[in-house]
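Working notes, structure below.
For ligands, and for the atoms within them, numbers begin at 1 and follow the listed sequence. These numbers come from the heavy atoms of this one structure, side chains and all, not from hydrogens, waters or symmetry mates. Numbering of residues begins at 1 and proceeds along the displayed sequence.
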Amino acid sequence: MEQLTQIAQHFKDSPVQMIRAGVWKPRTKPGSFEGLGEEALKYLQEVKRISGKAVCTEVANSDQVELALKYGIDCLWIGARSSVNPFTVQEIADAVQGTKIPIMIKNPINPDVELWTGAIQRIQKAGIEQIAAIHRGFSSFDSSSIYRNKPIWAIPIELKRRFEHIPIYCDISHICGKRSLLQSMAQRAMDLNFDGLMIESHPNPDEALSDAKQQITPDELISLLSQLQIREMVQDNDTLEQIDYMRQIMDSVDAEIVELLSRRNELGLQLGDLKSKNNMSIYQPKRWNEIVESRTDWGKKASLDKKFVFDIFQNIHEHSIKLQIEQMQAAENLKQKK
Ligand code: PEP
Ligand code: MN
């Protein structure tokens with residue numbers, strides 16, 4: 001309670017809009033601190049009284065929803081380990097039906113925009129109007145990343161395209177996993193037009209019972225916010241005209257790219273036909289090697305990033321192989337029918 005009181009006092013006159021605390025904490029392994037349960041809901045009421053800010057907690061089943069509502073918690077969030085499970089999301093949706101409680105929905109732990117979409121739709125169908133999405137990154141076995149959770153920005157960007165009117169916040173603490181990365185991640189989220197941030201804070205970060213490495217003190221949090229550069233929407237007509245003009249050029253470049261891709265597919269199919277008639281295997285590792293070498297080399301000469309070029313051609317080549325396999329299969333089926 002003492003820690004929460006300190007947090008509440010610190011954020012009282014700050015730009016922070018809502019204070020979150022895990023009353024029930026989903027821990028990866030048993031035996032870790034799992035939150036104080038119902039008792040902590042009273043602490044949150046106190047945080048609300050001292051700070052004057054809305055308070056928020058995570059819920060993962062209907063009993064927790066019921067208790068959180070009973071104690072007047074202002075907002076609930078569904079964690080990544082819950083949004084991954086449609087049964088859990090539906091249980092929460094049924095429990096909040098008929099209330100007006102705002103709900104924030106974290107992305108599922110795996111990079112699946114459909115699952116995230118489905119979770120939002122379940123809460124919408126329960127009649128909840130105030131919904132926000134939280135991007136907390138995606139778990140991965142790959143330990144080479146500097147981040148705890150991979151951001152994979154394409155997924156939250158696609159979600160925002162699907163739900164234009166739902167605000168999306170970035171949980172930079174869980175993406176970064178360590179405090180030294182927070183400032184630049186916060187700026188990145190702002191530059192990508194996120195609507196807000198979720199940041200973990202603790203009066204003595206190193207002593208936190210969960211996620212200590214990513215915690216910062218309330219003062220550090222306030223200083224992080226004050227260093228953010230918030231880019232304004234451009235109003236000036238000249239600039240808007242210039243942007244519009246450049247977008248038109250970009251549209252025509254993209255149209256050319258699509259045309260070229262279609263031409264390349266055509267060539268792939270003709271090639272597939274030849275391979276099939278001459279009983280050649282479709283995938284030729286030597287050819288793939290040549291493609292990688294030459295394309296990345298051309299890319300280098302054109303100042304293009306090697307991985308960028310590699311990923312594009314890997315996609316193109318994979319698709320070409322897929323088309324050729326389908327074509328060969330169709331030819332085989334026709335032969336068998338005759
Ligand atoms: C949390 O918000 O503290 C938490 C457990 O996060 P997540 O659901 O993103 O793993
Ligand atoms: Mn946490």
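- For the atom pair NZ (Lys178) and CD (Gln215), the distance works out to 15.0 Å, reported to the nearest 0.5 Å.
- Given atom 7 (P) of ligand 1, the protein heavy atom at minimum distance is Lys106 NZ, 3.4 Å.
- If you chain together hydrophobic residues whose side chains sit under 4.5 Å apart, Val23 and Phe11 fall into the same group.
- For ligand 1, the atoms lying closer than 4.0 Å to a non-hydrogen atom of Arg136 are 7 (P), 9 (O), 10 (O).
- By the rule that hydrophobic residues join a cluster once side-chain heavy atoms approach within less than 4.5 Å of another member, Leu181 and Ile134 end up as members of separate clusters.
- Taken to the nearest 0.5 Å, the CG atom of Asp63 stands 10.5 Å off from the CD atom of Glu38.
- The line from CG of Asn149 to CG of Asp171 is 8.5 Å long, rounded to the nearest 0.5 Å.
- Note that CG of Leu41 is 9.5 Å distant from CD of Gln64, once rounded to the nearest 0.5 Å.
- The shortest N/O to N/O separation between Arg20 and ligand 1 falls below 3.5 Å.
- Only side-chain heavy atoms of Glu200 come within less than 4.0 Å of ligand 1; its backbone N, CA, C and O stay farther off.
- If you number the atoms of ligand 1 from 1 as listed, the ones under 4.0 Å from a heavy atom of Gly79 come out as 8 (O).
- Considering backbone and side-chain N/O of Ala80, one or more are found under 3.5 Å from N/O of ligand 1.
- For Glu200, the N, O or S atom closest to the Mn ion (ligand 2) goes by the atom name OE2.
- Taking 4.5 Å as the limit, some side-chain heavy atom of Leu197 sits within range of a side-chain heavy atom of Leu225.
- The name of the N, O or S atom in Asp211 nearest to the Mn ion (ligand 2) is OD2.
- The protein heavy-atom contact nearest to atom 4 (C) of ligand 1 is His174 NE2, 3.5 Å.
- Some N or O of Arg81 is nearer than 3.5 Å to an N or O of ligand 1, by distance alone.
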